[in-house]
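Read through the structure below, which is laid out as structure tokens, and then see the notes.
In what follows, every chain begins at residue 1, and chains take the letters A, B, ... in the order their sequences are listed.
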Amino acid sequence: MSASDDSTTNNATSPASNFIRHIIEQDLQSGKHNGRVQTRFPPEPNGFLHIGHAKSICLNFGVADSYGGQCNLRFDDTNPEKESQEYVNAIAEDIRWLGFQWSGDIRYTSSYFDALHDFAVQLIEKGKAYVCSLSPEQAREYRGTLTSPGTDSPYRERSIEENLALFAQMRAGEFPDGAHSLRAKIDMASPNINMRDPVLYRIRHVEHHQTGSKWPIYPMYDYAHCISDAMECVTHSLCTLEFEDHRPLYDWILQTLESKSLSAASDSTRAASDYVLPRQIEFARLNINYTVMSKRKLKELVTENHVNGWDDPRMPTLSGLRRRGFTPESIRNFCERAGVARSAGTVDVGMLEHSIREDLDSNAPRAMCVLRPLKVTLSNYPEDKPQTLVLPCHPKNEAMGTREISFAKTLYIDATDFEEVPPPKYKRLSPRVEVRLRGGYVIRCDEVVKNAAGEVIELLCSYDPETLGVNPVGRKVKGVIHWVPADTALDVEVRIYDRLFNKENPDDKSIADYKECLNPDSLLVLTGCKAEPSLKTAAAEASFQFEREGYFCVDRHDSNAEKIVFNRTVTLRDSWAKISG
RNA sequence: UGGGGUGUCGCCAAGUUGGUAAGGCACAAGGUUUUGAUCCUUGCAUGCGUUGGUUCGAGUCCAGCCACCCCAGCCA
């Protein structure tokens with residue numbers, strides 16, 4: 001996708017003004033970064049991407065695209081204990097699926113480990129970093145508290161030579177985990193705890209998914225991130241609000257390092273004098289009600305089997321939304337609509353639903369599927385005269401073509417479209433009342449057949465042969481209901497999803513454990529649903545509007561020729577539900 | 001009680017140098033309709049956390065106050 005042809009795409013939501021775009025435009029005007037815009041999306045491969053990440057992806061790739069820049073994909077893989085190749089692969093696929101293409105190859109912070117190590121040596125040589133031999137517990141005590149300053153580590157004044165030697169030994173793997181750490185020498189009394197001699201490197205004898213067993217020491221996020229940005233010549237390093245307090249450290253590290261060495265290690269093709277440091281800018285992360293958005297919790301839902309995997313259609317993960325039937329376009333539009341600002345808020349899930357309805361309304365072909373079949377026999381319809389009806393696939397878009405469906409004596413309608421004692425304003429079928437079968441004839445219910453338990457098991461109706469494609473004269477038929485022919489209908493499974501949590505904010509302080517408000521009815525599996533025959537050849541992931549029901553897609557994993565499985569993406573808007581309660 | 005942030009309609013969110021409150025979602029009321037869908041029309045903040053101040057004029061400037069969020073991982 002390119003920025004230039006956006007204006008001709010009426011469907012696309014054009015980028016809204018936001019404070020980050022303002023900053024970039026100002027920088028472009030002042031020539032701060034030599035007119036360049038370089039961003040990056042830096043996930044840690046320790047879980048699947050969720051819609052909160054989509055906001056960041058859309059932002060980073062979006063601004064790069066708007067201003068003729070590039071966006072890198074960099075895996076922030078500095079903590080091998082929690083990371084894996086599986087996550088790397090899944091994340092890359094999700095980004096591609098969302099519709100974005102990163103600049104060049106995938107990058108890894110781990111591929112900068114050598115450079116990062118050399119920069120650490122440089123800091124030691126400058127007297128700006130030292131090897132600390134306090135245990136993690138002791139370090140915590142020395143750090144002080146939010147309201148009281150910390151205390152200098154007894155190892156803070158080690159000589160440069162000693163630090164260099166110790167760091168070399170750390171790097172050589174001569175010490176056990178936790179024995180020492182490399183710390184920046186800043187200010188133990190700083191009111192900003194991130195500046196109280198933060199740890200730069202820790203000892204961890206663990207395999208890394210990219211570098212194997214090459215390294216016994218791993219850099220910390222704060223140390224690695226800013227340098228990685230600088231090496232990739234990132235101009236605007238966009239991250240979420242909780243990193244605000246880290247910005248002074250981000251700047252301190254880059255400013256303490258030799259600019260020319262940073263330039264030399266970077267992607268820059270310009271002279272070292274043209275080299276400009278990246279600027280970190282924070283924005284509010286995305287929250288949506290009735291769900292949780294932290295990786296830790298999502299992972300817990302998966303490992304404790306509250307859902308069926310990261311791509312369970314109830315999950316706010318990109319793979320879950322994809323399986324649910326959300327399109328990349330709808331998610332991008334949603335992110336655009338939600339906007340980017342510095343105030344932390346919670347977006348209503350209704351906005352997400354609006355975005356997918358909007359997309360699918362214009363792009364999903366229509367079909368009929370009866371979720372709770374109720375047999376209807378047309379008493380006056382000839383036994384031996386089935387006929388083929390040709391219905392448009394879309395009410396407004398002829399280009400989407402037509403599909404065929406047979407009309408016969410025995411049909412199924414949805415049990416919810418019949419009431420023996422209809423409530424006020426009811427526009428569906430009830431005894432002695434007429435209703436239009438969508439795309440077919442007008443029928444009237446003559447008789448209700450019940451079983452021994454008194455349940456309605458069949459309706460005996462009569463059809464008006466004069467009403468195919470025309471309205472009857474002299475009377476108004478209020479309702480239109482969907483149906484399928486009994487003999488050729490497909491037997492399908494339909495999975496009805498509802499919100500995963502029944503509380504707006506599962507993270508609210510008044511709730512002890514977010515899992516308390518897990519919605520027990522978030523998944524309803526309907527078997528024996530009857531779908532129109534044209535759906536037989538529906539491809540995996542294909543979306544349809546089941547008329548009067550909602551949007552559904554073919555499950556990309558569980559659906560096959562023997563057993564067709566549909567997932568309900570979202571219902572249609574339903575003003576009747578509001579009236580009827 | 002330290003530091004860093006944020007407060008504009010029920011929910012998001014625009015608001016250049018102060019000049020008289022965009023848009024979307026939701027909601028409501030009409031119209032069209034062989035989907036109670038879509039679509040169309042209309043309505044929806046004399047008000048911008050609050051109290052003062054500056055000014056001819058303040059959401060925009062100043063001061064105080066209040067509320068909420070983030071930070072004490074050798075996680076990111």
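Taking syn as a glycosidic angle within 90° of 0, B/G73 qualifies as syn.
One atom, CG of A/Asn505, and another, P of B/C68, lie 15 Å apart when rounded to the nearest Å. Spacing between atom NZ of A/Lys478 and atom P of B/U34 amounts to 16 Å, rounded to whole angstrom units. Rounded to an integer number of Å, the gap from CG of A/Asp574 to C1' of B/G36 is 7 Å. Taking atom CG on A/Asn46 and atom P on B/G73, their separation rounds to 19 Å, with Å as the unit. Rounded to whole angstrom, the span from the CZ atom of A/Arg548 across to the P atom of B/U38 amounts to 14 Å. Residue A/Met188 contributes atom CE, which lies 14 Å from atom P of B/A72 at whole-angstrom precision.
When the side-chain nitrogen and oxygen atoms of A/Ser343 are compared with OP1 and OP2 of B/G5, none of them lie within a distance under 4.0 Å. Applying the 4.0 Å criterion to OP1 and OP2 of B/U6, one finds that A/Arg342 has a side-chain N or O inside that range. In this model, the phosphate group of B/C12 is not approached by any side-chain N or O of A/Lys55 to a distance below 4.0 Å at OP1 or OP2. Not one side-chain nitrogen or oxygen of A/Arg573 sits closer than 4.0 Å to the OP1 or OP2 atom of B/G36. Neither OP1 nor OP2 of B/G2 sits under 4.0 Å from any side-chain N or O of A/Thr145. Distances shorter than 4.0 Å separate none of the side-chain N or O atoms of A/Arg196 from OP1 or OP2 on B/C71. Checking the phosphate oxygens (OP1, OP2) of B/C27, a side-chain nitrogen or oxygen of A/Lys578 falls inside 4.0 Å. Look at A/Arg204 and you'll find a side-chain N or O under 4.0 angstrom from OP1 or OP2 of B/C75. Listed pair A/His354 / B/C25 meets the phosphate criterion, a side-chain N or O lying under 4.0 Å from OP1 or OP2. The phosphate of B/A72 (OP1 or OP2) has no side-chain N or O of A/Thr147 nearer than 4.0 angstrom. Residue A/Arg202 has a polar side-chain atom (N or O) positioned under 4.0 Å from OP1 or OP2 of B/A76.
Between A/Tyr221 and A/Phe243, a ring centre-to-centre spacing shorter than 6.0 Å is recorded.
Stacking of the aromatic ring of A/Tyr221 onto the base of B/A76 is not found under the criterion of centres within 5.5 Å and planes under 30°.
When both distances must be under 3.5 Å, the Watson-Crick or G-U wobble mate of B/A21 does not exist. Remark: B/G59 base-pairs with no nucleotide; criterion is Watson-Crick or G-U wobble with both hydrogen-bond distances under 3.5 Å.
Comparing B/G10 with B/G5, their C1' atoms are spaced 25 Å from each other, to the whole Å.
Donor-acceptor pairing under 3.5 Å is lacking for the side chains of A/Asn192 and A/Ser190. Side-chain contact annotation: A/Thr327 with A/Asp359, donor-acceptor N/O pair under 3.5 Å present. No side-chain donor from either of A/His482 and A/Glu547 sits under 3.5 Å from a side-chain acceptor of the other.
At least one cation-pi condition fails for A/Arg438 and A/Trp483: the charged atom is not both under 6.0 angstrom from the six-membered ring centre and inside a 45 degree cone around its axis. Under the 6.0 Å distance and 45° angle rule, A/Arg499 counts as a cation-pi partner of A/Tyr290.
Nearest nucleotide to the A/Gln545 side chain, out of B/A76, B/U35, B/G73: B/U35. The side chain of A/Met351 sits closest to B/C11 out of B/C74, B/C71, B/C11.
Contact annotation for A/Gly345: backbone-only contact, meaning every heavy-atom pair under 4.0 Å involves sugar-phosphate atoms and none involves a base.
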